[in-house]
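These numbers were taken from a predicted model, which means no experiment stands behind them. Lettering follows sequence order; numbering is per chain, from 1. Hydrogens, waters and symmetry mates play no part in the numbers below; they use all other heavy atoms, side chains included.
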Amino acid sequence: MYIQKIQDFILYSLSKTYQNVDLKTIENDGPIVQKSPDSIKSDFGSSLALRLAKLLKKPPIEIANNLSTFLNKNKPDFIDEITVLKPGYINFSINKKDIASKLKNIALEVNTLKKHFDKQSETIQIEFVSANPTGPLHVGHIRGAVYGSALSKVLSFYGYNMKNEYYVNDAGNQITEFGESILNKILKSNKDDTSDSYKGEYILDLANDIQKELNLNSKNLTKEVTKIGINKMLTSIKNDLSKLNVKFDEWFHESQLFKDKTLDEVIKKLNEKEFISQKEGATWFLSKKLGDDRDNVLIKKDSSHTYFFSDIANHYNKFFIRNFNKVINIWGADHQGHIKRTKLAMESLGVESENLIIKISQMVTIKKGTEIVKISKRSGEYVTLSEIVEEVGSDACRYFFLSKSPDTQLTFDIELAKSQNSSNPIFYIQYAHARLIKLLESAKKAKIEVNKDSKITIDSEKELEIGKKILEFPEMIEQIVKELEPHHITRYCLELASLFHSYYQSEKIIDDSDNEISESKILFCNSVLNTIRQCLDLMMISAPKKM
RNA sequence: GCCCGCGUAGCUCAGUGGAUAGAGCAUUGGGUUUCUAACCCAUGUGUCGAAGGUUCGAAUCCUUCCGCGGGUGCCA
């Protein structure tokens, strides 16, 4: 909340003190104001003077002193003290009263945290999970589901209009093989036959299930079985996702692109731009022309289409038929090789590179104790999403997967996760929430009422620390929006909860003998509660009133 | 081979140009007649994979190397 203000203040004073410095260059050169490290007494610091030393041909300490003279003369109310330290740091301490008044707003009105952000005019479509409907979601899909849903939630909180989409691959080879595998189970008497492409318990279940409602005289049996099979799988996928609190606005089917003749349209457009060529009996997209290592096939020799082709069509639909300006895709690391060519294809169709954002979430290795579990849809080796969510719980599951950067290949130890009951940080956060709720109830019983005339007085180190942490909330959100990586919120929330637990332990909040102090503390605790509650809401984790 | 990502405490991971590198778990020892002990307080650990380089300043940027994962199909 303060960083931007201090930065503006510094840049203003820089422009007044050293007129010949180009502010734009300075701003683009990196952050100007940062949180002070714990070892330094102040709250925020700037290393601007150090950076300017070369340019201005002056010792940094001199620049810092010159700037601080101006800064001190024009010091806004929210700053208490400005000091210059050793090589040339300019440090700022924030006024306690200013912190207190900001906390009061947060305490009285949950929406204060949200109001900090402007409503954005832009609509962003975000696609995630999009697993093929040929099998149940497995534990690896949890990561994408959690990442995408939390990111979307934060972006929406920030003010964007978000549309969550699941792309259903319901055409192509995999789907046909899936249908055939089920049909074989229905028609063959030997249910143990393993020659089919898709194996596993769930195929047999599907076969038994479908058999009941199937008309065996149907003209195209495979087609019918496939259709029913996919629908059943989709129902199960939706059900699994809802266990993790994940919901989609749109389930877009690949088959739609065929019905709408989008693929034809795409190839026509690409052809007009001379990115299509026929060779070796296939139709190619000339991505080499745009800098890729090789060209890519769109229509195979047998006249069927590649995944890449319908993927272009899918994106064409997003940008040119449904008219989204900005699209985010979250893909698993196994699709990382598709990024370049997909972006190139879209660029050749006229989409600005920055408007198609593809984020990769790294692989999840599943461990059971010391044994690595391999997951394969076709072999039927499974640890399903619902199995894990039911054992570990949605909250702990979400927190665990959300707490890691998407760039990290993480190891998910199923045994550990199951045993991770009270040692899991999420319970610690939820406990802080439950404690606050109970505390505020007790305050009500003790007839301590807070309203807009109440006042917060910060008079302990712990309160000050909590207050400053709460006011970091907007910057934490901004970082997520900038990087499109929501894991920062888990740490933030944990830190806040930790500070609160420590505070709670160290002093009595409801003091029957002093109503004024109790009122201030209760109001203060309301600001903590509202912030923790907001974080839990953004992580889509429940906020229990009792534990 | 080439392309992408990663390598930070015993373990799981934050930190991607600034000040003495952090958190959770694990370890060890203490704490409750009290608003919830699923809590608190104390406890120590790092060749930031290695070597060079850029910089006033590097875990962070560049180069090379080592290790791990993924990709490199007219599979998805």
Can you measure from NZ (A:K223) to OG1 (A:T176) and round to the nearest 0.5 angstrom? 10.5 Å

Could you give the distance separating [M] and [N] at their [atom1] atoms, to the nearest angstrom?
| N | M | atom1 | answer |
| --- | --- | --- | --- |
| B:rU60 | B:rG17 | P | 11 Å |
| B:rC4 | B:rC61 | P | 14 Å |
| B:rA21 | B:rG71 | P | 39 Å |
| B:rG69 | B:rG53 | P | 32 Å |
| B:rG49 | B:rC6 | C1' | 11 Å |
| B:rG30 | B:rC35 | C1' | 23 Å |
| B:rU45 | B:rC2 | P | 42 Å |
| B:rA14 | B:rG24 | C1' | 10 Å |

Taking only N and O in the side chain of [X], is any of them less than 4.0 Å away from OP1 or OP2 of [N]?
| X | N | answer |
| --- | --- | --- |
| A:T306 | B:rG73 | no |
| A:Y431 | B:rA38 | yes |
| A:K404 | B:rA14 | no |

Is it the case that [X] and [Y] place a side-chain donor and acceptor less than 3.5 Å from each other?
| X | Y | result |
| --- | --- | --- |
| A:N329 | A:H335 | no |
| A:T134 | A:Q174 | no |
| A:D459 | A:T457 | no |
| A:S93 | A:K41 | no |

A:Y89 six-ring centre to A:K86 NZ/CZ under 6.0 Å and within 45° of normal: no

With a distance cut-off below 6.0 Å to the six-membered ring centre and an angular limit of 45° from the axis, does A:R435 pair with A:F500 as a cation-pi contact?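 Verdict for A:F500: no cation-pi partner in A:R435.
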
To the nearest Å, how far apart are [X] [atom1] and [N] [atom2]?
| X | N | atom1 | atom2 | result |
| --- | --- | --- | --- | --- |
| A:K359 | B:rG70 | NZ | P | 21 Å |
| A:F308 | B:rC75 | CZ | P | 14 Å |
| A:D407 | B:rC6 | CG | P | 5 Å |
| A:I509 | B:rC35 | CD1 | C1' | 7 Å |

Looking at B:rG70, does its base get a donor-acceptor pair with the side chain of A:Q336 below 3.5 Å? yes

Side-chain donor/acceptor contact of A:H501 with base of B:rA38 under 3.5 Å: no

Salt-bridge contact A:K521-A:E507 (side-chain N to carboxylate O under 4.0 Å):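 Yes, A:K521 and A:E507 are salt-bridged.
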
Below 3.5 Å is the cut-off: list the nitrogen or oxygen pairs between protein and nucleotides 16-19 of chain B, distance only.
| from | atom 1 | to | atom 2 | distance (Å) |
| --- | --- | --- | --- | --- |
| B:rG18 | OP2 | A:Q34 | NE2 | 2.9 |
| B:rG18 | O2' | A:Y89 | OH | 2.8 |
| B:rG18 | N7 | A:S47 | OG | 2.9 |
| B:rA19 | O4' | A:Y89 | OH | 3.4 |
| B:rA19 | N6 | A:N91 | OD1 | 3.2 |
| B:rA19 | N1 | A:N91 | OD1 | 3.1 |
| B:rA19 | N1 | A:N91 | ND2 | 3.3 |

Salt bridge (charged side-chain N to carboxylate O under 4.0 Å, His left out) with A:D311: which residues, sequence neighbours excluded?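 Expected list: none.
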
Mutual orientation of the aromatic rings belonging to A:W251 and A:Y166 [parallel < 30°, tilted 30-60°, perpendicular > 60°]: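 Aromatic pair A:W251/A:Y166 classed parallel.
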
Symbol by symbol from the 5' end, with Watson-Crick or G-U pairs under 3.5 Å, [ ] crossing and | another strand, RNA chain B is ((((((((.[[[[.)..(...]]]]..((((.......))))......[[[[[..)....]]]]])))))))....

